[in-house]
Number of protein chains: 2
Amino acid sequence: MATIYEVAKLAGVSPATVSRVFNSNNVSEEKAGLVRAAAAQLAYTPNRTARTLRRRHSEIIALIIPDIENPFFTSLARGVEDAARSAGFSVVLCNSDEDVAKEAQYIDIAVLENMAGIIIAAASDDSDLHPLLSRSRPVVAVDRGPHGLDIDAVMVDNRAGGMAATSALVTHGFKRIGCITGPSDVETAQHRADGWRDALRSAGLTPDEALLEHANYRVDGGRAAMQRLLALPEPPDAVFVANNLMSVGALQVLYDAGSSPETFGFAAFGDLPFAALAPAGMTVVHVPARAMGRTAATMLLDRINGDDRPPRTVVLRNEVSTNPENALAHVR
Amino acid sequence: MATIYEVAKLAGVSPATVSRVFNSNNVSEEKAGLVRAAAAQLAYTPNRTARTLRRRHSEIIALIIPDIENPFFTSLARGVEDAARSAGFSVVLCNSDEDVAKEAQYIDIAVLENMAGIIIAAASDDSDLHPLLSRSRPVVAVDRGPHGLDIDAVMVDNRAGGMAATSALVTHGFKRIGCITGPSDVETAQHRADGWRDALRSAGLTPDEALLEHANYRVDGGRAAMQRLLALPEPPDAVFVANNLMSVGALQVLYDAGSSPETFGFAAFGDLPFAALAPAGMTVVHVPARAMGRTAATMLLDRINGDDRPPRTVVLRNEVSTNPENALAHVR
DNA sequence: CTTGCGCGTGAAATCGATTTCTGCAACGCT
DNA sequence: AGCGTTGCAGAAATCGATTTCACGCGCAAG
């Protein structure tokens, strides 16, 4: 592992000059040539740790997500990586597991390792970003907003998405529409449920809070919530499920109960992962996960490069679609 | 951000003593107390970059995987994280995207950032690990073996798994059993196909190479391969699919063709991700992804801590199971 | 009563880069 | 001709920790 001193010696210049060749360019073409030749000969690449120590920040950005096993977040991670890599940054993926303490630990690490910036989908409304802000590290919130903090954010319109999904169920003639949303301390869960209420009200129906279930954003949560709904004295005839994994669980229960999205209205917020069987009759709010990641990374890179305009919140569009009733009719 | 010098000043000792309090313990209890009090007061945490520069390695381990969107690898990542975190290490997830060049770049970064060690599921047989070995960084190969290199590895028995899966199909009475396996330059793909051949031969059947398809290890690969198989003049009556995502694709095609694992024999290597519908009659080779990750991390940490026994290859067991025919009969 | 060893401690070197400071030379301007 | 720029390059400081070296003290062995 060649160092800058060895390159300097071989090229017959000082280490400072070698550094200048690779960073600024106030170096005569003559010496620059010598340095480049020497560097090539020794296969020199600067030690990132030393550079980081001096520069006070590395070329790594941290991406903190609450559930690495949720394809929505891995897809988002791909987006972040796309943008970061092409700018010469690498991405560290940190899985907070929806746990505020674990998340805090990763935030500390990001600071202590002098990472260039952080993109975070906060584990909960109570997530504490102050360690970052007080050290003026660039931060971009993604998917889950900056609740109160004045930082950049990339979001989708959760309320509108929830409303569109629920309205589609109304249009299909369902009357008693339930809702399975996420934990009550997660903002996206609240907004999506608000959309459900909006849609019902604007259709002249009254949202029945007994048909609103909160669950964790995972498969087992969706399963349990759907079981509770179906066990009600007056069960719903349709349901809006506010996240992709919960939809998987809810669908399992629905099929187990001998029903399917063709008879029991089913709308999901987020694409079903690896859906071996795209259920017919199901309405889906497509969330542009990868684009969200790309956007967030681009904004973060701007900040890292000194952009100091006031923080912005970018809201990306959702598309809503309903599978044709007969799409995979033979599955029945 | 307090430094070691500020702590030293406040405690009335030298920086060296502060460092010793946190690392070795050749310090009198009296001074140690002073130092700890001062450190607590200033909320001191050592700057990881400076430590890494001096120590020549950080407390980060890199995990390089070929497909972050494959739940098998995210599950493996969870296992790595479990073990690493409890040892005070953090994990950087790098997605090589089955691309040897991208992988090489991540390997370089791991070296230049002085990461403590690397766990890698190689993108292909041609992956070049020499940059790591020549700098004597600890490396553990996981899932995909060390083809020729003398390093630690954590594997499953791909050949036995392929054989067990195929044998299950034979037992269920299928005669013309096809195989969809991964890219021919990926070792696990070769071994699983070998298992398929073994099972057929030991059942007195002759493996028909026309029924062997190679595809990428993703959903679209499985879909395309299954389409080719079904389009054959004499299509198979059953298929062994050598990875989880390809199984999803193959199943989609199977259902589209009006069939299902109850009539068309279907065995998969690896659990179906988020299977909304666990197909009845399907045989699955369960791969202990999380345990593989934990094992690999533990081995790596041993190496980092100076273990210099000869390299070992650990082979974990697969479990094979077949869904009852009538499990979800109502889905039909 | 010395010699020697071990222990605790501080001073200083070290890791490998970047960046500031300083000096020198060439050039242009009055 | 004298003076202020400008440009280039080396010397040295710097980032913040760890680790080596050296010193002084106390205690035990000779």
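This one's a predicted model, so the numbers in the text were calculated from it and none came from an experiment. Letters go in sequence order (proteins before strands), and every chain restarts at 1.
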- prompt: What is the distance from CZ of B/R55 to C1' of D/dT20, rounded to the nearest Å?
  reply: 15 Å
query: Has the side chain of A/Y44 got a donor or acceptor atom that lies under 3.5 Å from a matching backbone atom of A/E6?
result: no
message: Does A/K9, at its NZ atom, have more than 12 non-hydrogen atoms belonging to other residues, nucleotides or ligands within less than 6.0 Å?
response: no
message: Any salt bridge linking B/R48 with A/E113? Criterion: basic side-chain nitrogen under 4.0 Å from a carboxylate oxygen.
response: yes
message: Suppose we call a contact any N or O donor and acceptor under 3.5 Å apart; does that hold for the side chain of B/R54 and the base of C/dT14?
response: yes
field: Rounded interatomic separation in angstrom, taking CD1 from A/I4 and P from C/dT19
entry: 11 Å
query: Is any side-chain N or O of B/T3 closer than 4.0 Å to OP1 or OP2 of D/dG16?
result: no
message: Determine whether a donor-acceptor pair (one donor, one acceptor, N or O, separation below 3.5 Å) exists between the side chain of A/R51 and the base of C/dT18.
response: no
Any B/P71 side-chain heavy atom under 4.5 Å of A/E69 side chain: no
field: Spacing of A/L53 atom CG relative to D/dA13 atom P, expressed in whole Å
entry: 17 Å
- prompt: To the nearest angstrom, how far is A/R48 atom CZ from C/dA17 atom P?
  reply: 12 Å
- prompt: Are the charged groups of A/E59 and A/R51 less than 4.0 angstrom apart, N to O?
  reply: yes
Closest non-hydrogen atom pair, B/V154 against B/M299: CG2-SD, 3.5 Å
message: Per the salt bridge (Lys or Arg N to Asp or Glu O under 4.0 Å) rule, what does the pair list look like for residues 26-35 of chain B, sequence neighbours excluded?
response: B/E29-B/R36
- prompt: Per the end-axis method with five pairs at each terminus, what is the bend angle of the helix from C/dC1-D/dG30 to C/dT30-D/dA1, to 10°?
  reply: 50°
query: For B/Y5 and C/dA12, what is the distance between atoms OH and P respectively, to the nearest whole Å?
result: 12 Å
Distances under 3.5 Å only, N/O to N/O: pair up the protein atoms with those of nucleotides 7-12 of chain D.
residue	atom	partner	partner atom	Å
D/dA9	OP1	A/S28	OG	2.7
D/dA9	OP2	A/S28	N	3.0
D/dG10	OP2	A/S14	N	3.1
D/dG10	OP2	A/S14	OG	3.2
D/dG10	OP2	A/T17	OG1	2.7
D/dG10	N7	A/R20	NH2	2.7
D/dG10	O6	A/R20	NH1	3.4

- request: Would you please say whether a donor-acceptor pair under 3.5 Å links the side chains of B/N114 and B/T52?
  value: no
message: I need the NZ-P distance between B/K9 and C/dG10, as an integer number of Å.
response: 15 Å
query: B/N23 has an atom CG; how far is it from atom P of D/dT18, in whole Å?
result: 4 Å
- prompt: Heavy-atom distance under 4.5 Å between the side chains of A/L149 and A/H130, does that happen here?
  reply: yes
query: Just how far, in rounded Å, is P of D/dA17 from CD of A/E113?
result: 13 Å
- prompt: Heavy atoms under 4.0 Å, any strand shown: does A/Y44 hit a base, just sugar-phosphate, or nothing?
  reply: sugar-phosphate
